[in-house]
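As the structure is a computational prediction, the values presented were derived from the model and not from experiment. Hydrogens, waters and symmetry mates are skipped; everything else that's a heavy atom, side chains included, is used.
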Amino acid sequence: PYSGAVVGLRFGGRFPLDDGDSAQATRVERCAKSRAGRKAAYPIGVPKPPAHLAAPFMRSKAAPTSAERESMPLSTMKRVLLKLSGEVLMGDQQFGIDPAFVMELAREVKTAKETGLEICLVIGGGNIFRGMAGAAQGMDRAQADYMGMLATVMNALAMQSALEQLGVQTRVQSAVQMDQVCEPVIRRRAERHLEKGRIVIFAAGVGAPYFTTDSGAALRAAEMNCDALLKGTSVDGVYDSDPKKNAGAKRFDTVSYGKVLADDLKVMDASAVALCRDNNIPIVVFSIREKGNLARVLSGQGVQTIVRN
């Protein structure tokens, strides 16, 4: 139907242009002026806008390098993963969850967050069920480990409840999908929660049997580009032997990953220590049972042991 005409394409559509149509020249001139205007508005070599004016998606946290992590003092860290033993949630009980003590722990975490830290949490399940203990009594190891993963979800929900009672927005992400209870582990969603000032609790370990929650904590610390992994336990650091059995046990201020692995110092399981070593993530071991100790450790004043290269 457009015999003798030039057919042009514009945004996927067709329109006819007569050979002598001056509209074509007008369009060409208009496009040329538009390109010239853009070049004038954004000439080559103009510096980028300052960070506070950039779009939110352009201001993502740059991951620290290995050298920066090694030399970074605790007081300057921006994002940490706090690993809590499940037994800590028992308080003075012999089993289960002590709501009053969980609330005390939540206050510790809130105080740390108020310093400007981005905090991830991983909580063990030993106060409810430990997979290895079940396997030792004749249970199938994989089945027992799955039961242990469910115990960590229960602890995560208890901590979420305590934190939100204190006004701290918290999200639980589980490696075993259970949509009615919590979110699945999605790294980018977790990053967004942290950017919005929320605490993210990772539950269910790595989502597979034969791995402890220590391995889950090391994995999430590496995945989330954390500056350090803080392990809050019932002892105030790493000793050369069990301080509960040996009164003369010596506590280390700093110790290398290699010595921890070679001497089997029981800081964390070997796979977790190796993962932290490979990603140069310092492990800070301290007692979480002492009131206010988490804030002191983060300021570099508390009693602790740092595991690093």
Student: For the hydrophobic clusters of this structure (ILVMFWY residues joined by side-chain heavy atoms under 4.5 Å, transitively), does one cluster hold both M90 and M159?
Tutor: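 No; M159 is not reachable from M90 via cluster members.
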Student: Of the non-hydrogen atoms in C276 and Y257, which two are nearest, and what is the gap between them?
Tutor: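 That closest heavy-atom pairing would be O-OH, 3.8 Å.
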Student: Crowded around R130 CZ? As in, over 12 foreign heavy atoms under 6.0 Å?
Tutor: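 Open: at most 12 neighbouring heavy atoms sit under 6.0 Å from CZ of R130.
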Student: Identify the two heavy atoms, one from V235 and one from P243, that lie closest to each other, and give their separation to 0.1 Å.
Tutor: CG1-CG, 4.3 Å
Student: Starting at OG of S241, measure out to CZ of R251 and round the result to the nearest 0.5 Å.
Tutor: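 Result: 13.5 Å between the selected atoms.
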Student: Is there a donor-acceptor pair closer than 3.5 Å between any side-chain N or O of Q169 and the backbone N or O of G197?
Tutor: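 Looks like no, no N/O pair under 3.5 Å.
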Student: When you compare the side chain of I97 with that of V102, does any pair of heavy atoms fall below 4.5 Å?
Tutor: yes
Student: Using a 4.5 Å cut-off on heavy atoms from C-beta on, say whether the side chain of I283 contacts that of V260.
Tutor: no
Student: Once side chain to side chain donor-acceptor pair (under 3.5 Å) is applied, do any residues pair with Q177, and if so which ones, sequence neighbours excluded?
Tutor: D179
Student: Take a 6.0 Å sphere around CZ of F211 and say whether it holds more than 12 heavy atoms from other residues, nucleotides or ligands.
Tutor: no
Student: Specify the closest pair of heavy atoms between C120 and L194, including all atoms of both residues, with the distance to one decimal.
Tutor: SG-CD1, 3.8 Å
Student: With a 4.0 Å cut-off on N to O distance, would you call R107 and E104 a salt bridge?
Tutor: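 Yes, R107 and E104 are salt-bridged.
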Student: I'd like to know if I123 and I128 are part of one continuous hydrophobic network [Ile/Leu/Val/Met/Phe/Trp/Tyr, side-chain heavy atoms within less than 4.5 Å].
Tutor: yes
Student: Between M77 and I199, is there shared hydrophobic-cluster membership here, with clusters defined by ILVMFWY side-chain heavy atoms closer than 4.5 Å?
Tutor: yes
Student: Are V181 and M154 grouped together when hydrophobic residues (ILVMFWY) are joined by side-chain heavy atoms under 4.5 angstrom apart?
Tutor: yes
Student: Do F202 and L219 pass the side-chain contact (heavy atoms from CB on, under 4.5 Å) test, and can you show the C-alpha distance, the side-chain angles, and the key distance before you say yes or no?
Tutor: CA-CA 11 Å; F202 294 106; L219 173 64; over 6 Å; no
Student: Locate the shortest heavy-atom distance separating A151 from G125; write the atom from each residue and the value.
Tutor: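 What the structure gives for the nearest pair is CB-O, 3.8 Å.
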Student: Indicate the atoms forming the closest heavy-atom contact of G124 with K83, along with that distance.
Tutor: N-NZ, 4.2 Å
Student: Please give me the minimum heavy-atom distance between A190 and M224, naming the atom from each residue.
Tutor: CB-CE, 3.6 Å
Student: Are the charged groups of K231 and D214 less than 4.0 angstrom apart, N to O?
Tutor: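 Result for this pair is yes, salt bridge flagged.
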Student: Do M149 and L84 sit in the same hydrophobic cluster, where Ile, Leu, Val, Met, Phe, Trp and Tyr count as joined when their side-chain heavy atoms come under 4.5 Å apart?
Tutor: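 Yes, because M149 and L84 connect within a single hydrophobic cluster, where side-chain heavy atoms sit under 4.5 Å apart.
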Student: How about CE on M178, more than 12 heavy atoms from neighbouring residues, nucleotides or ligands closer than 6.0 Å, or not?
Tutor: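 Yes - once you tally the heavy atoms of other residues, nucleotides and ligands closer than 6.0 Å, there are more than 12.
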Student: Does atom CD of E164 have more than 12 heavy-atom neighbours, drawn from other residues, nucleotides or ligands, at distances under 6.0 Å?
Tutor: yes
